[in-house]
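Nothing here was measured: the structure is a model prediction, and the numbers come from that model. The chains referred to below are lettered A, B, ... by the order of the sequence lines, with proteins before strands, and numbering in each begins at 1.
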Protein chains: 2
Amino acid sequence: MTVGHARGGSLLTALSDAGARVTEPRRAVAALIGAQDGHFTTAQLLTAARLEYPGLGRATIFRALDLFTSLGFVERMDLPGGGHAWVACETAHHHHAICTRCGRSTEVDDHGLADVLASVAGRSGFRVTTHRLEVFGTCASCLAATA
Amino acid sequence: MTVGHARGGSLLTALSDAGARVTEPRRAVAALIGAQDGHFTTAQLLTAARLEYPGLGRATIFRALDLFTSLGFVERMDLPGGGHAWVACETAHHHHAICTRCGRSTEVDDHGLADVLASVAGRSGFRVTTHRLEVFGTCASCLAATA
DNA sequence: GTCCATGTGAGACACAGTATCAACTAGAGA
DNA sequence: TCTCTAGTTGATACTGTGTCTCACATGGAC
């Protein structure tokens, strides 16, 4: 997976820029997130943490996840079944296309969504401040594999 | 709120069509949902149930909510803060625009979203099976009230 | 009215996430 | 390098949400 900045130096930079400390547990959580392939659930992260960093506290993982979310390094998203998951992010505003077979997530830009939202606003008089688009389906590799 | 069919006879019809029984507790849950203004959380529904139908079990409410969801009478949606809520639905496939001031939800049809999804599919080779769009902002009435 | 599959309520349980608190430590300044 | 302190940590208890089980009740077909 391409965790991008969550793995490299920019996470450390962003942490200190935000006035937060660069600590061992936070590096560990960042590494765990980086090791996840596609989206991941809290349970998966906690399991991986127990294996790889047995000393890492549960609360610490939740706190780091919160912190990384507020810094835009990860994003919380909701699965069709009702559960929720996290994805490491590369860019500022985008959406996710989740492959329901392999679990990998692809970042998707707005394409023409702005027009759709403008249309919603125009018809209903609604002033849009935030939106969330989640797309589920089968990715190109999985399609190719089953072809 | 316009719960539409969830209040009228069509819920009863749909229940029996689906081979499910039309029971007192299910009517009570339907009435509770109908009495909610806009979207509602499980906690709100449980509180309302305690007040209006003290004999109604917690598990029964969750089961009814599940059943109504599978029948398309209510839909689960996720709020920006990470929590989730339910909305009573009128039509088959649609999305919701939630007013963050008054909490009311407006149903929004696909407008040009199909094109956006086709564009996603075209660029990435992704085959889209499901999608979810949630829009948050301020509704026309709240805008008018603050104008 | 009878019968039985379906539905119910109660309560235990599992799990996710939060709050608290004493101990620890990153990192700034001397 | 050392000291100091505010930010961070792990442990643990707690809360809230949703599920599961089971004995009992009941809707509705006959």
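Position along DNA chain C of the nearest nucleotide to A:Arg27 versus B:Ala20 favours B:Ala20 as the more 5'-ward residue. Toward the 5′ end of DNA chain D lies the nearest nucleotide of A:Gly19, the other residue of the pair A:Pro54 and A:Gly19 mapping further downstream.
Rounded to 10 degrees, the angle separating the terminal axes of the helix from C:dG1-D:dC30 to C:dA30-D:dT1 is 40°, with each axis obtained from five end pairs.
Every residue was checked against the salt bridge (charged side-chain N to carboxylate O under 4.0 Å, His left out) condition with B:Glu52, not counting sequence neighbours, and none meets it. Residues satisfying the side chain to side chain contact (heavy atoms under 4.5 Å, CB included) criterion with A:Arg27, sequence neighbours excluded, are A:Leu12, A:Val22, A:Glu24.
Residues A:Leu67 and A:Leu15 have side chains in contact (heavy-atom distance under 4.5 Å, counting atoms from C-beta outward).
The backbone N or O of B:Arg21 lies less than 3.5 Å from a partner atom in the side chain of B:Arg26, making a donor-acceptor pair.
The separation between B:Arg26 atom CZ and C:dT8 atom C1' is 10 Å, rounded to whole Å. Atom-to-atom, CG of A:Leu56 to P of D:dT8 comes out at 15 Å; the value is rounded to the nearest Å. Atom CD of A:Glu24 and atom P of D:dG10 are 11 Å apart (whole Å). At whole-Å resolution of the value, CG in B:Leu65 and P in C:dG7 are 16 Å apart. The CG atom of A:Leu67 sits 14 Å away from the P atom of C:dT18 (whole-angstrom rounding).
Listed pair A:Thr60 / D:dT8 fails the phosphate criterion, with no side-chain N or O lying under 4.0 Å from OP1 or OP2. At the phosphate of C:dT8, OP1 or OP2 sits under 4.0 Å from a side-chain N or O atom of B:Thr23.
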Can I get a per-line list of side-chain donor-acceptor pairs under 3.5 Å for residues 54-65 of chain B, giving both atom names and the distance, sequence neighbours left out?
none

Using atom types as modelled, flag every donor-acceptor pair under 3.5 Å from a side chain in residues 135-147 of chain A to any protein atom, sequence neighbours excluded.
unit_1, atom_1, unit_2, atom_2, d
A:Thr146, OG1, A:Cys142, O, 3.1
A:Thr146, OG1, A:Leu143, O, 3.1

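Closest heavy-atom contact between A:Gln36 and A:Gln44: OE1-CB, 4.4 Å. Considering every non-hydrogen atom in both B:Trp86 and B:Thr41, the closest pair reads CD1-C, 4.4 Å.
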Pair B:Ile33-B:Val74, side chain to side chain contact (heavy atoms under 4.5 Å, CB included): steps then yes or no:
CA-CA 9 Å; B:Ile33 292 173; B:Val74 293; 3.9 Å; yes
Nucleotide by nucleotide, nucleotides 12-25 of chain D touches protein heavy atoms under 4.0 Å in the pattern (B base, S sugar-phosphate only, - none) -----SBBBB----
